[in-house]
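Below, all heavy atoms of this structure are taken into account, side chains as well, without hydrogens, waters or symmetry copies. As the structure lists them, so they are numbered: ligands from 1, and atoms in each ligand from 1.
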Amino acid sequence: MIKVAVLVSGGGTNLQAIIDRVKDKTITNAEISVVISNNPGAFALKRAEDAGIKNICISPKDFDSRDLFNKALIAVLDKEKVDLVVLAGFLVIIPSEMVKKYKGRIINIHPSLIPSFCGTGYYGLKVHEAALDRGVKVTGATVHFVDEGTDTGPIILQKAVEVKEGDTPEVLQRRVMEEAEWKILPEAINLIANGKVKLGC
Ligand code: GAR
């Protein structure tokens, strides 16, 4: 059974998808040990609480320096003896110290088909705004390992989603979540938990 930490910043619909798939046993051999948010107001924390999962807020605002915040974040992961860190809408730059220590054990969901619409500045709704501005007909979501770059690590799963006439960023975001993110993120965790995708690569 692998121990999973899920890091969140906002609504936590991806967290909810993971919780639901663990509950209905679509994900096996994995338990969510802790949910961590940088944002005290994140609805994701309530989702964790309602599911009876340990949840903690670690906000950079509560620390005198970024370094102290980074150390606090890593200390929680170490204390929980986490095997896998899942970034599910975690909008904080991951400290390089953490990337090194947890190399090959951190995965991220990004709401586009990497390498399109990714990298610095591309997060949340901005990704879908950029996709619509460019006029792409197909977008999607990607689960990838996290390395030192932004959205540059090895890709684990991708799923394409159709862009429809008249889409707004909000409508497209919802379709990408429903048709891609909420499926491939739990699927990637299940593949890792069952040794089909190797950790530490
Ligand atoms: C998701 O769409 C996720 O892909 C995106 O933030 C949203 C979080 O929603 N992440 C990024 O843009 C990372 N670059 P959620 O809190 O409802 O899961």
Nearest protein heavy atom with distance in Å, relative to atom 6 (O) of ligand 1:
G89 CA, 3.7 Å
List the closest protein heavy-atom neighbour of atom 16 (O) of ligand 1: residue, atom name, distance to the nearest 0.1 Å.
G12 N, 2.7 Å
Sequence neighbours left out, what pairs pass salt bridge (Lys or Arg N to Asp or Glu O under 4.0 Å) with at least one residue falling in residues 79-89?
K54-E80
Among protein heavy atoms, which lies nearest atom 11 (C) of ligand 1, and at what distance?
P111 CD, 3.6 Å
Within this structure, what is the CZ-CD1 distance for the pair F69 and I58, rounded to the nearest 0.5 Å?
7.0 Å
I109 touching ligand 1 at heavy-atom level, < 4.0 angstrom:
yes
At the 4.0 Å heavy-atom cut-off, does G124 count as touching ligand 1?
yes
With salt bridge (Lys or Arg N to Asp or Glu O under 4.0 Å) as the criterion, how do K183 and E187 come out once you've worked through the C-alpha distance, each side chain's angles and the decisive distance to 0.1 Å?
CA-CA 6 Å; K183 294 182 175 162; E187 194 182 335; over 6 Å; no
Within a distance under 4.0 Å of any heavy atom of N14, pick out the atoms of ligand 1 and give their elements.
1 (C), 18 (O)
Going by atom types alone, do T28 and N194 pair a side-chain donor with an acceptor below 3.5 Å?
yes
To which protein heavy atom is atom 17 (O) of ligand 1 closest, and what is the distance rounded to 0.1 Å?
T13 OG1, 2.6 Å
Cut-off 3.5 Å, side chains only: do T26 and D24 have a donor facing an acceptor?
yes
For E181, atoms of ligand 1 separated by under 4.0 Å from a heavy atom:
1 (C), 2 (O), 3 (C), 4 (O)
Please, which pairs that meet side chain to side chain donor-acceptor pair (under 3.5 Å) have at least one residue in residues 86-100, sequence neighbours excluded?
none
Just checking, any donor-acceptor pair under 3.5 angstrom between side chains of N39 and S9?
no
How many angstroms lie between CG in D167 and CZ in R175, if you round to the nearest 0.5 Å?
4.0 Å
If you measure every N or O of N108 against every N or O of ligand 1, does any of those distances drop under 3.5 Å?
no
Any N or O on L91 sitting closer than 3.5 Å to an N or O of ligand 1?
no
Does the N or O separation between Q173 and ligand 1 drop below 3.5 Å for any pair?
no
Atom 14 (N) of ligand 1 sits nearest the protein heavy atom H110 ND1, 3.2 Å
Among the heavy atoms of Y122, does any lie under 4.0 Å from an atom of ligand 1?
yes
Where is the tightest heavy-atom contact between M98 and I106, given as atom of each residue plus distance?
O-CD1, 3.9 Å
For atom 9 (O) of ligand 1, what is the nearest protein heavy atom, given as residue, atom name and distance?
M177 CE, 3.4 Å
